[in-house]
Amino acid sequence: MFVLTAIFGFIFGTALAFYTDGYFSHIGNEVYSPKQSVVEFIADEPQNSEEDRFDAGELNTLLVRRLLGRKVSPTWERKKSKVAYLTFDDGPSYNTPEILEILKEYGIKATFFVNGWNKKNLKEMLKMIYEDGHALGNHTYSHRYEIIYSSVENFMADLKRQEEMIYEAAGIRPKIVRFPGGSDNLVSLRFGGKDIMKKIADKLKEEGYIYVDWNASCGDAAKPPLSKDQMKEAVRRTTKGKNPVVLLLHDLDSKKTTLEILPWIIEYLQSEGYEFETIRQGMEGLEKVNRTDFWR
């Protein structure tokens with residue numbers, strides 16, 4: 001009996017040690033969940049290495065199973081603390097090769113929401129983006145509001161046309177979409193009425209697409225155009241305190257300033273502790289970014 005008591009005390013003491021060290025305290029919330037299979041813990045200032053966190057997570061899982069008999073997440077570990085997505089709309093353009101070169105220099109991958117109307121060398125450019133390891137998204141073929149927002153059918157036809165062009169160039173059919181003007185744009189009211197964006201969003205969901213807005217911008221679509229300093233301030237202001245950051249940039253022939261400050265944008269976000277990822281079949285924190293609920 002004494003031996004059994006000693007063994008139990010050792011196990012309980014070990015569990016308590018983890019509890020007070022800040023890991024075991026997350027059992028009730030982050031390690032397991034009755035609603036989902038994977039729950040991630042976000043730490044502003046991680047105190048342990050990735051390897052240490054993984055090992056502690058594995059041991060905590062075992063302790064919970066043995067001591068509490070509770071079902072836990074099979075893959076618990078802390079997520080990256082801060083994630084930024086660089087997203088380029090309206091390309092490809094004559095600037096695309098230079099954008100790709102800058103991204104390559106920094107080892108950064110981005111997401112390009114492309115359209116196809118009146119573009120030269122479209123297939124070659126799309127293939128270049130894809131083969132460099134970046135994500136391709138659909139930004140409709142025409143980008144013409146009076147066409148795409150006049151009806152659900154017109155939007156889907158325009159989207160599918162661009163999808164075919166991407167497939168012919170890169171061999172993929174992206175399921176990520178960005179609405180021209182964003183999902184809460186006001187221009188669509190003129191052509192399809194108050195409910196058009198909700199109807200289109202519902203149709204996209206029905207067919208397995210995911211739309212992605214943005215929550216930060218460099219202001220390169222402003223009129224009159226912003227100076228470099230003003231664009232930098234826009235990045236600082238709109239990214240502050242956000243996680244994830246989905247930064248709106250434009251890949252058009254006329255956006256030379258965007259190209260010129262891209263190295264600064266990357267270095268600034270890195271200095272703020274962000275790591276870069278691409279949007280492929282969705283992203284974590286999407287509910288913080290999308291705004292179609294504006295219409296609901």
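Heavy atoms only: backbone and side chains are in, while hydrogens, waters and symmetry mates are out.
- For the pair D89 and R178, the salt-bridge criterion is met [side-chain N within less than 4.0 Å of a carboxylate O].
- For the ring pair (Phe, Tyr, Trp, His ring centres under 6.0 Å) condition, the pairs that include at least one residue of residues 168-204, sequence neighbours left out, are F155-F179, F179-Y211.
- When side chains are defined from C-beta on, H250 counts as touching L248, because their heavy atoms get closer than 4.5 Å.
- Inter-residue side-chain proximity for E272 and K82 is flagged as met; some heavy-atom pair is nearer than 4.5 Å.
- Taking all atoms of both residues into account, the shortest heavy-atom contact from G219 to A234 is N-CB, 4.4 Å.
- A salt bridge does not link E124 to K127: none of the charged side-chain nitrogens sits closer than 4.0 Å to a carboxylate oxygen.
- Partners of Y167 under the ring pair (Phe, Tyr, Trp, His ring centres under 6.0 Å) rule, at least two apart in sequence or in another chain, do not exist in this structure.
- Annotation: side chain of M128 is not in contact with side chain of T96 (no heavy-atom distance under 4.5 Å).
- Contact annotation: the side chain of H139 never approaches that of Q162 to less than 4.5 Å [non-hydrogen atoms, C-beta and beyond].
- Considering only residues two or more places apart in sequence or on other chains, Y145 meets the ring pair (Phe, Tyr, Trp, His ring centres under 6.0 Å) condition with H143, Y149.
- Contact annotation: the side chain of L286 never approaches that of V246 to less than 4.5 Å [non-hydrogen atoms, C-beta and beyond].
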Please set out all donor-acceptor pairs under 3.5 angstrom arising from side-chain atoms of residues 108-117, sequence neighbours excluded.
from, atom 1, to, atom 2, distance (Å)
K109, NZ, D132, O, 2.6
T111, OG1, I279, N, 2.9
N115, OD1, K119, NZ, 2.6

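- Taking both residues in full, the closest heavy atoms of S81 and N243 are given as O-ND2, 2.6 Å, listed atom of the first, atom of the second, then distance.
- Once rounded to the nearest 0.5 Å, the distance linking CD1 of I148 with CE of M156 reads 12.0 Å.
- Ion pairing of K203 with E206 is present here, as a side-chain N (NZ or NE/NH1/NH2) and a carboxylate O approach within less than 4.0 Å.
- K175 is not listed as a side-chain neighbour of I210, based on a closest heavy-atom distance of 4.5 Å or more.
- Under a cut-off of 6.0 angstrom, the local environment of CZ in R190 is sparse, with at most 12 non-hydrogen atoms contributed by other residues, nucleotides or ligands.
- With rounding to the nearest 0.5 Å, the separation of CH2 in W214 from OG1 in T238 is 12.0 Å.
- Of the inter-residue distances, the one linking K194 atom NZ with I196 atom CD1 reads 12.5 Å to the nearest 0.5 angstrom.
- The shortest distance between side-chain heavy atoms of L186 and S188 does not fall below 4.5 Å.
- Across all their heavy atoms, M197 and G182 have their closest contact at CE-O, 4.1 Å.
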Pair up each side-chain donor or acceptor in residues 263-271 with any protein partner under 3.5 Å, not counting sequence neighbours, and list the distances.
from, atom 1, to, atom 2, distance (Å)
E267, OE2, Y106, OH, 2.4
S271, OG, Y268, O, 2.5

Got a list of side-chain donor-acceptor pairs under 3.5 Å for residues 252-260, not counting sequence neighbours?
from, atom 1, to, atom 2, distance (Å)
D253, OD1, Y94, N, 2.8
K255, NZ, D220, O, 2.5
K256, NZ, N95, OD1, 2.8
T258, OG1, D220, OD2, 2.8
E260, OE1, K228, NZ, 2.9

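- A heavy-atom distance below 4.5 Å is not found between the side chains of N138 and R173.
- Remark: L247 CG to L86 CG distance equals 6.0 Å, nearest 0.5 Å.
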